[in-house]
Every structure is written in C-alpha cells, then in structure tokens.
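A, B, ... follow the sequence lines: proteins, then strands. Residue 1 opens every chain.
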Number of protein chains: 2
Amino acid sequence: MGRRHDHSDIESRMERKERTRHALLSSTLRLLSKHSFESISLREVTRESGITPTAFYRHFEGMEDLGLALVDEAFGSLHDMVRAARSDTSTYDDVIRRSVQIVVTHVREHRDHMRFIARERYGGVRRLRRVIRTELDLFANELAVDLSRFPELAGWTRSDRQMFADLLVEIVVSAVGRLTEAHPEEEGELARRIEKQLRLVVIGVPGWRSQPEKRSGQASGAPMAQERGLEPSAK
Amino acid sequence: MGRRHDHSDIESRMERKERTRHALLSSTLRLLSKHSFESISLREVTRESGITPTAFYRHFEGMEDLGLALVDEAFGSLHDMVRAARSDTSTYDDVIRRSVQIVVTHVREHRDHMRFIARERYGGVRRLRRVIRTELDLFANELAVDLSRFPELAGWTRSDRQMFADLLVEIVVSAVGRLTEAHPEEEGELARRIEKQLRLVVIGVPGWRSQPEKRSGQASGAPMAQERGLEPSAK
DNA sequence: GGCTTCAGTAAACATATGTGCACTATAAGA
DNA sequence: TCTTATAGTGCACATATGTTTACTGAAGCC
C-alpha cells in the first residue's frame, strides 16, 4: 500500500493529478477574464498554475484540448442550474421572474465560466465555437419540449416551438454576456430589463398563428397580422 | 509639382499611404476570419500586407489602434445601411421582411466586418468591447426614436421603448453573428427564423402595458397578465 | 534643381513561444 | 523490499514576437 500512515496530507497519485489538472483549468479561467482564449499561451497557463510547461502535456494534448475541457465544466454547472430551474416549475408563481433570478445568481457565482462561454461562442477557435453552439442548441431543444406543456404552445408547429425556444435562449445568453461584464451596481437594472424583454416576447405568444411551412408559391388569402407588422402613424 | 507627367500609375504620396493603410486594415480583416483579434500579431499583419513590421508604425500606434480603426470602418458601412433602411420606410409594405432582407444582404457583402463586430463584441480587448457596445447602444437609441412614430408605441414609457429597441438590436446582432459563420445554404433558413422571431416580438407590442417605474413597495391590485406569464397545463 | 519630408527598409535586440529528450522522485503494486 | 509506472523537472532547440535605431529613395515644395 502506498499510504503507510493515514496522514491526511498524503495524497494519492490520482488526487494529486486531479489537483493540478484543476489548477490548470482554473488558472486558464482566471486568465480568460482579461484575454481571449486564443491569445492565452500554454506557458502562461503553466506559469499561473505553478508547474513546468512540459508537465502540461501530462494532462492535455494542447490548449485546444484544455479549452474543450473548460466547455464541459462550464456547461456542467449550467446543466445543474437548468435542471434545478425546471424541477422548480411545479411550485412557482412567476416563471419569468424566477428564471431571471436564477440566471443572475448563476452568473454571479460562476462568472468566469459564463464569460468564457459568452466570449468563445463567437471566438477565434473553431472547435470551441462548434461545441458551444451544439450545447446551446441542446438547451433550446429541451426548452422546446418543456414549452409544449403550455396550452398556448401545444398547438404550434414543432418548428415554431423551436424558433421560439431559440429566441428565448438567445435572449438569455446575450444577457449573460452583458451581465459578465457589468459592474455589480448595473446588475439590477440589467436584470429588470431582460425580465421585461422576456415578458414582452411571451405576451406575443397567444397572438401567434402557427402554421405548417408554406409549401410553395405565394400565400393565399389576406395577409395575416403577423405578416404585416406595425404601420407608422405618419408618412 | 510632384506629378510631372500625368501618368495614372504615378501615385501621390497621400494616395500611396492611404493604399497601404487600407492594406493593413483589410489584411487584418482577412486574418480575423480565422482568429480572434487579440491573437493576431503585428508581424502577421505586416507580412500579409507585404510591408515591414517597422512600417506599421507609420500608420498606427499599435494593434489596438488598428482595431479601433476597424470598428470605425465596420460601423461606417453599417450606418450607411441603417440610413438606407430608415429612409426606405416611406414606401414599404412589410418593414420586418424588408429589414431582414437588408441585414442578410449586408452580411453577405460585408461578412468580414460583421464577423469582426460579432466576435469582438465580447472579445478579449477591453477597449474594443467598449467602443462596440457604445455604437450598438447608439443604434438602439436611434431605433427607439424611430419607434415612437408607431401609434402603439407612442404611449409607452421612454424607458420601455428603449428596452424594446434594445431587444430588437440584440436579436439582430445575434443573428448577424450566426449568419457570419453559416454556410450559404443555411442562410435562407436562418433568415426565415429571425424574421419569425422579430414578428413574434412585435406581436406582443399591443398587449404590453407600459407604465412608469414602480416607485416602491409591492404593486397594488391584481397582477397584470404580463407579470404572470404562462401557466402550464399539467402539474 | 536642390533641399526637405516621410513612407518604407534592414538589421539587431531582448524576450516569448511550443515541444522534444533525458532525468528524478515517489506512489502503486508485486 | 524491490520493481515499475508516472507526474513533474531541467535543459535545449528553433522560431516568433514587439520595438529601437540608423538608413534610403522618391514625392513635395521653394
């Protein structure tokens, strides 16, 4: 047995490895608060983590690999949050207010992770962009399923529900991006605004006439309200 | 006079300078299609432009300075687009469809500029983020003014109109980000989706009850529809 | 035509980078 | 207790970076 005396300050090999792996990840996350992922060098990360550059390769094949691990981490906690939020809906009075609250809290507690996602969503590393996009699409899909529980939305086309879920996710993710770079005192106002925006979007729901994709040619009959848009009062 | 013979292949000094300046900008833009701004080196840019690294300093103080110039360029063409779109509203039948069309076309013709904005909006360079944010806020403000021409929105609080304009801008900018990295064949579907999303948002407008900010304490009376949100059908 | 201005060059610098190779120390396993 | 596996070190390398310093050549101006 490796551990002859059970002194708690003796680490098993795995424990130690896991510890420095985590150090690498969180060092990167720290650096990411000031720089884009692509501009962070392997050596910077190891310096920040207190190990030699060569030891890096015991944990990751290279920076891109580490980046993917970060995406996993970030979406891991996000999934936890969403699961909590979903199970919460049984005893709510106002879904929107509550959801926004949860998001704000999550950003506050996982600022670096959220900034990472918001930043690298359109960042310079193709692979990261793709993985993040995929994860977000997954969220939207889950949300679309949840939405069919609402009677107003049950009659909608599947594709329309997708479109709606996508819109909601987009709004929230944008808000997360802005929250991560907001000063604490702006946080409240930002939260109130996004709440209003979500509310406004939801209000439109009963007025939406979901229809199967038009097959071809021009639509027949009078133009629907939702296809005409608003009319200006004056010229 | 510098130009003794009026041969067209003799450049004036200014012309030449402007030409390599432009080369620097467009080279960077080209590199930007594959990498984040922060990860692009000054030497890379000069290599791509066909000049020596030292000559760079005849045009910009450093990469950040060049970045700011790029933001100017990008928003320059954007402003042109918006102006065109606004003056267009006198003779339209469907604002939304038309606007989306204009945006899609603009992205197609200025893909690199638009990608730059979408990418650096939350990118690694603080200064760039701030300038881009400011410009976008400006757009939202203008839009908010335009919106007051619509009778449904004239009665709204100024802050609610801002909130609404902000939402529209956010939706469009997100869409631009996705358009810039979409394959040509996905473009149509993306366009259709964003059109629907905008329509859905607009539909909610007549249902919105804009009120002055609540001063304090809890709201009195029955909860408004827009504060209750949707209710799920089953537990 | 001759003097000035200035966009661009050439060489050099100190410093940073990613990665390969040989090594060491210690936990794990026999 | 002796052997093996492996996380981490140290050194070396080729190559890349931002910036300085002294320069060249042609356009601009009198």
Side-chain N,O ([X]) to OP1/OP2 ([N]) below 4.0 Å:
X       : N      : answer
B/Arg47 : D/dT17 : yes
B/Ser41 : D/dT17 : yes
B/Ser12 : D/dA27 : no
B/Thr20 : C/dG8  : yes

Q: Evaluate the criterion side chain to side chain contact (heavy atoms under 4.5 Å, CB included) for residue pair A/Met63 and A/Phe37; output intermediate values, then yes/no.
A: CA-CA 9 Å; A/Met63 281 299 287; A/Phe37 180 80; 4.0 Å; yes
[X], nearest nucleotide to its side chain (from [options]):
X       : options               : answer
A/Ala55 : D/dG8, C/dG18, D/dT19 : D/dG8
A/Arg16 : D/dG8, C/dC21, C/dA12 : D/dG8
A/Tyr57 : C/dT9, D/dG8, C/dG18  : C/dG18

Q. Below 3.5 Å, does any donor atom in the side chain of A/Arg13 face an acceptor in the base of D/dA5, or the other way round?
A.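 Side chain to base: pair found, below 3.5 Å.
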Q.
Between the base of D/dT6 and the side chain of A/Arg58, is there a donor and acceptor pair under 3.5 angstrom?
A.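 Absent.
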Q) Is a side-chain donor-acceptor pair under 3.5 Å present for A/Ser39 with B/Ser39? A)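 Not at all, the side chains of B/Ser39 and A/Ser39 share no donor-acceptor pair under 3.5 Å.
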Q) Which comes earlier along DNA chain D counting from the 5' end, the contact point of B/Gly62 or that of B/Met14, where each point is its nearest nucleotide? A)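 Mapping each residue to its closest nucleotide by heavy atoms, the 5'-most match is B/Gly62.
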Q. Where each residue is assigned the nucleotide of DNA chain C containing its nearest heavy atom, which of B/Ile51 and A/Leu42 is assigned the position nearer the 5′ end?
A.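 Closer to the 5' end of DNA chain C: B/Ile51.
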Q: Indicate, with yes or no, if the rings of B/Phe139 and B/His79 have centres closer together than 6.0 Å.
A: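 Under 6.0 Å, so yes.
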